[in-house]
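Working notes, beginning with the structure itself.
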Amino acid sequence: MSEPVNLPRLGDTVDEVLVLEWLVSIGSQVNKGDPLVRVETDKVEVDVESPLSGTVEEILVGVGDEIKTGVLICRIVEMN
């Protein structure tokens with residue numbers, strides 16, 4: 001079963017980020033804590049880490065998209 005991965009809050013005042021680069025692709029195996037996507041806030045570039053281990057099933061935002069905290073960014077099929 002796939003689990004949703006939402007953009008976490010990256011700072012006290014950061015509510016919107018720009019997607020710079022996906023560091024994984026559909027079918028990639030990831031471990032909890034592995035970087036998934038690089039985003040840019042108004043101050044820094046940050047890698048968003050995987051909250052779980054599994055296989056990337058779907059990527060829902062693209063490079064160049066401006067997205068808000070809480071937006072669904074991808075789905076991962078969790079490893080048992």
Side-chain angles (χ1 to χ4, degrees):
M1 177 172 204
S2 68
E3 296 293 327
V5 178
N6 298 320
L7 180 68
R9 179 171 283 281
L10 299 173
D12 291 337
T13 61
V14 177
D15 288 320
E16 192 168 270
V17 300
L18 176 66
V19 178
L20 295 178
E21 173 186 12
W22 276 97
L23 305 171
V24 297
S25 56
I26 294 172
S28 294
Q29 297 289 317
V30 295
N31 292 310
K32 183 176 181 177
D34 286 352
L36 295 174
V37 61
R38 182 164 295 133
V39 298
E40 182 178 61
T41 71
D42 56 345
K43 298 178 183 174
V44 296
E45 291 182 11
V46 179
D47 290 344
V48 175
E49 297 178 351
S50 178
L52 52 99
S53 297
T55 304
V56 177
E57 177 183 58
E58 187 176 17
I59 292 175
L60 299 164
V61 297
V63 171
D65 289 351
E66 288 188 20
I67 58 174
K68 295 183 185 248
T69 298
V71 165
L72 181 62
I73 59 171
C74 70
R75 293 187 183 277
I76 294 177
V77 177
E78 193 168 11
M79 283 189 212
N80 292 330

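- For Cys74 against Trp22, the heavy-atom pair with the smallest separation is CB-CH2, 4.0 Å.
- Minimum interatomic distance between Leu52 and Glu3 (heavy atoms only, all atoms of both residues): CD2-CB, 3.8 Å.
- Taken together through direct or relayed side-chain contacts under 4.5 Å among Ile, Leu, Val, Met, Phe, Trp and Tyr, Ile67 and Val24 form part of one hydrophobic cluster.
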Start with the C-alpha distance between Arg38 and Val48, add both sets of side-chain angles, then the distance that settles side chain to side chain contact (heavy atoms under 4.5 Å, CB included), and finish with yes or no. CA-CA 6 Å; Arg38 182 164 295 133; Val48 175; over 6 Å; no
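- If you take CG on Asp42 and OG1 on Thr13, they are separated by 6.0 Å, rounding to the nearest 0.5 Å.
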Pair Leu7, Lys68 - check side chain to side chain contact (heavy atoms under 4.5 Å, CB included), show working. CA-CA 7 Å; Leu7 180 68; Lys68 295 183 185 248; over 6 Å; no
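- For the pair Glu57 and Ile26, the tightest heavy-atom approach, listed with the atom from each and the gap, is O-CG2, 3.5 Å.
- Heavy atoms only, all atoms of each residue included: Ser2 and Arg75 are closest at OG-CD, 3.8 Å.
- Here OG1 of Thr69 is found 9.0 Å from CD of Glu16. Values are rounded to the nearest 0.5 Å.
- Val56 and Leu72 sit in two unconnected hydrophobic clusters of ILVMFWY residues. Membership requires side-chain heavy atoms under 4.5 Å apart, directly or through other members.
- Note on Val71 and Val14: same hydrophobic cluster, where clusters join Ile, Leu, Val, Met, Phe, Trp and Tyr whose side-chain heavy atoms are under 4.5 Å apart, directly or indirectly.
- Atom CG in Asp15 sits 11.5 Å away from atom OG1 in Thr41 (nearest 0.5 Å).
- The two residues Val30 and Ser50 have their closest heavy-atom pair at CG2-OG, 3.8 Å.
- Each of Leu60, Val19, Asn6, Val37 was evaluated against Ile73; a single residue qualifies, Val37, per the side-chain contact (heavy atoms from CB on, under 4.5 Å) test.
- At least one donor-acceptor pair under 3.5 Å links the side chain of Ser53 to the backbone N or O of Lys32.
- At a threshold of 4.5 Å between side-chain heavy atoms, the hydrophobic network of Ile, Leu, Val, Met, Phe, Trp and Tyr places Val5 and Leu23 in two separate groups.
- Taking CD of Glu21 as the start and CD of Glu40 as the end, the distance is 12.5 Å to the nearest 0.5 Å.
- Think of Leu18 as one node in a network of Ile, Leu, Val, Met, Phe, Trp and Tyr side chains linked at under 4.5 Å; its network also takes in Leu20.
- Nearest heavy-atom pair across Asn31 and Met79 is OD1-CE, 4.5 Å.
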